[in-house]
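Have a look at the structure below before the remarks.
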Amino acid sequence: MLEARYLKQESIALESGGKSGLLYRFPELADRGFEYILSGSDWDMSLAADQPATTAEGKAPFKAVKEQFSLRQDSEPKDLVIMRQCHSSRLIIPLREAAYSRARVVDFMPEAESVNQFPTELEAEQLGFGYRYHSVDGILTSEPELITASTHADCAPVIIFDQRQKLLLNLHSGWRGTLALFPLHALNYLTKYHAVELADLIMVLGPMIGAEDYEVEADVAEPFMQSFGQNSGVIKRRSELKYELNLGLAISLQAEKFGLQNGQLFRVGGSTFAEPAYHSYRRDGRERFGLMMSFTAIN
């Protein structure tokens, strides 16, 4: 079975908007060709209507993160593109010629290996510190001047990187995207349309809710058992009506099916539910939960 190796992290002390807290980065990934900076529970990266990012307070942490990338990579200020996710199987490729304010769309068709590539283009929302695209769950880029970001608070951030071509994909995969095999379809898409070689790839799974904390009922458990098998370990029965879902294992099995080997799959952090360093929707509830962000950029 494919085994993920946990990455060592280092903390970055950040002050922004009169507030201080920590970010986390992973030096080994920087050595491999890209930077991954993670915001934890010290920062709420929500972009809700009642916390508009267009205010000075809302902009401040994003601007501070952009500065961190410039400092770490000794580069000019980078552009930032983030997603407002919708648990889809859709990714975008922001266009450099449009200054990243417009993007091509790649849609993975439901229950099929087919791809609807570039059926349309999306216009981004201008936030004052970067751009946000609505109703997408992945950003693909080969542009070193671009920072991509996904939000999460129990769902899995999935980072895929081609070390030879310097191609970086930042995905969000909750239970719906994982059940729809979004990570696997994305890997297959990269090999078919971008000439990616299996040996050049690495995949990083960011902090997500652990199986011991992820209780579901039959409406979620049964489709996973049908897709992954009753003995895969993805679903375990707790009681007559309750099950636990191992989201990380479900994604790892897709990576294994694609052909990734030990040494190509990495993990970051523990269960978002159990560790106070992370935000968690299930732990904190709909009214109180915050959002983390996984920021990535090519070196």
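When a residue number appears, it is its place in the shown sequence, counting from 1. For the numbers below, each heavy atom of this structure counts, side chains included, while hydrogens, waters and symmetry mates do not.
- Closest approach of Leu249 and Met1 over heavy atoms only: CD1-SD, 4.3 Å.
- Closest heavy-atom contact between Ser294 and Leu38: OG-CD1, 3.8 Å.
- Looking only at distances, a side-chain donor or acceptor of Asp137 sits under 3.5 Å from a matching main-chain atom of Ser88.
- If you chain together ILVMFWY residues whose side-chain heavy atoms come under 4.5 Å of each other, Leu95 ends up in a group of its own.
- By the rule that hydrophobic residues join a cluster once side-chain heavy atoms approach within less than 4.5 Å of another member, Leu247 and Leu2 end up as members of one cluster.
- Remark: the backbone N or O of Gly21 is not paired with any side-chain donor or acceptor of Glu15 at under 3.5 angstrom.
- Take Arg267 and apply the side-chain hydrogen bond (donor to acceptor under 3.5 Å, both in side chains) test, not counting sequence neighbours, and it matches no residue.
- Note on ring orientation: taking the six-membered ring where Trp is involved, the planes of Phe62 and Phe129 are parallel (angle under 30°, cut-offs 30° and 60°).
- Put simply, Leu187 and Phe161 are part of two different groups of oily side chains (I, L, V, M, F, W, Y) that touch within less than 4.5 Å, one to the next.
- Listed for the Tyr133 side chain is a donor-acceptor partner under 3.5 Å among the backbone atoms of Arg102.
- Contact detail for Pro61 and Trp43: the closest heavy-atom pair is CB-CE3, 4.2 Å.
- At distances below 3.5 Å, not a single donor-acceptor pair connects side-chain atoms of Ser227 with backbone N or O atoms of Phe224.
- Residues satisfying the side-chain hydrogen bond (donor to acceptor under 3.5 Å, both in side chains) criterion with Ser101, sequence neighbours excluded, are absent altogether.
- Not counting sequence neighbours, Glu287 has no partner by the side chain to side chain contact (heavy atoms under 4.5 Å, CB included) test.
- Listed by chain and residue number, nothing satisfies the salt bridge (Lys or Arg N to Asp or Glu O under 4.0 Å) test with Arg237 (two or more places apart in sequence, or in another chain).
- Between the side chain of Gln85 and the backbone N or O of His152, no donor-acceptor pair lies under 3.5 Å.
- Among residues two or more places apart in sequence or in another chain, the side-chain hydrogen bond (donor to acceptor under 3.5 Å, both in side chains) test is passed with Ser16 by none.
- Applying the side chain to side chain contact (heavy atoms under 4.5 Å, CB included) rule to Val204 yields the partners Leu7, Leu29, Phe34, Tyr36, Ile159, Phe266, Val268; only residues at least two apart in sequence or on another chain are considered.
- For residues 72-97, the set of pairs meeting the ring pair (Phe, Tyr, Trp, His ring centres under 6.0 Å) definition, not counting sequence neighbours, comprises His87-His172.
- Considering every non-hydrogen atom in both Ala218 and Pro223, the closest pair reads O-CD, 3.9 Å.
- Remark: Glu145 engages Arg96, Tyr100 in a side-chain hydrogen bond (donor to acceptor under 3.5 Å, both in side chains) (not counting sequence neighbours).
- Ile209 pairs with exactly one of Trp175, Tyr278, Tyr214 by the side-chain contact (heavy atoms from CB on, under 4.5 Å) rule, that one being Tyr214.
- In the hydrophobic clustering of this structure, Leu169 groups with Phe108; members are Ile, Leu, Val, Met, Phe, Trp, Tyr whose side-chain heavy atoms approach within less than 4.5 Å, directly or through other members.
- A distance-only check finds no donor-acceptor pair linking the side chain of Glu275 to the backbone of Thr272 [under 3.5 Å].
- Among pairs with a residue in residues 151-167, those fulfilling salt bridge (Lys or Arg N to Asp or Glu O under 4.0 Å) read Arg164-Asp200, at least two apart in sequence or across chains.
- Considering only residues two or more places apart in sequence or on other chains, Glu3 meets the salt bridge (Lys or Arg N to Asp or Glu O under 4.0 Å) condition with none of them.
- A salt bridge (Lys or Arg N to Asp or Glu O under 4.0 Å) check over residues 16-31, counting only residues at least two apart or in different chains, returns the pairs Arg5-Glu28, Glu10-Arg25, Arg25-Glu35, Glu28-Arg32.
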